[in-house]
Amino acid sequence: MDKLSRFNQWLISIIGVGFIIFCLVGGVVIFSDIFRGCGSSSNRQGGAIVSTEQAQQFVVDSVRKQVVSLNKLFLLDSTKQEFLMPVGQAKLENDE
């Protein structure tokens, strides 16, 4: 009986460790999938904001100095249809 209880403890501990590792890996995958792209610095170049006077001059001259992009929508609440829309800003090297 002693060998059987030791085998059961050993088997349960192996299964438990495997389950814990599976949950940790699954949690990391889910976390990275949910937060992929949020706050990444790949869509931020420069980060300087153009003043109102410069923006008005660019409108008159039909010139762009920065580009604003709307990134992937995230659904916050499906019943109320509330979305989170991340906005990216990129500063162009040359005025267009």
Side-chain angles (χ1 to χ4, degrees):
M1 192 70 173
D2 188 34
K3 285 185 177 184
L4 183 60
S5 65
R6 285 181 123 183
F7 177 74
N8 285 343
Q9 287 178 348
W10 179 79
L11 186 63
I12 290 173
S13 66
I14 294 296
I15 291 172
V17 168
F19 180 73
I20 289 172
I21 290 172
F22 177 76
C23 288
L24 288 174
V25 169
V28 167
V29 168
I30 290 172
F31 182 78
S32 66
D33 188 41
I34 289 174
F35 294 106
R36 183 183 312 153
C38 290
S40 67
S41 61
S42 62
N43 58 0
R44 294 186 190 128
Q45 301 172 1
I49 297 174
V50 177
S51 67
T52 307
E53 294 82 18
Q54 275 184 327
Q56 289 173 352
Q57 184 62 34
F58 290 147
V59 169
V60 170
D61 296 339
S62 296
V63 176
R64 293 189 314 170
K65 189 168 182 96
Q66 292 183 340
V67 177
V68 175
S69 62
L70 305 175
N71 298 327
K72 181 181 175 185
L73 291 174
F74 293 102
L75 180 62
L76 294 178
D77 188 2
S78 61
T79 58
K80 296 179 183 178
Q81 291 296 310
E82 293 179 348
F83 293 90
L84 176 66
M85 184 177 2
V87 178
Q89 173 184 342
K91 185 175 180 181
L92 300 174
E93 291 180 15
N94 300 323
D95 297 343
E96 293 181 354

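Note that this is a predicted model, so its numbers are computed, not measured.
The CG atom of L75 lies 9.0 Å from the CD atom of E82; values are rounded to the nearest 0.5 Å. Summarising the geometry, atom CG belonging to L76 is positioned 11.0 Å from atom CE belonging to M85; distances are rounded to the nearest 0.5 Å. Atom CG of L84 and atom CG of D77 lie 12.5 Å apart (nearest 0.5 Å).
Among residues two or more places apart in sequence or in another chain, the side chain to side chain contact (heavy atoms under 4.5 Å, CB included) test is passed with D2 by S5, R6.
There is no path of hydrophobic side-chain contacts, each under 4.5 Å, that joins V25 to V28.
Pairs of residues two or more places apart, or lying in two chains, that qualify as ring pair (Phe, Tyr, Trp, His ring centres under 6.0 Å) and include a residue from residues 4-32 are F31-F35.
Through direct or indirect side-chain contacts shorter than 4.5 Å among Ile, Leu, Val, Met, Phe, Trp and Tyr, I20 is connected to L24.
Remark: of the listed residues I21, I14, I15, I21 is the sole one forming a side-chain contact (heavy atoms from CB on, under 4.5 Å) with V17.
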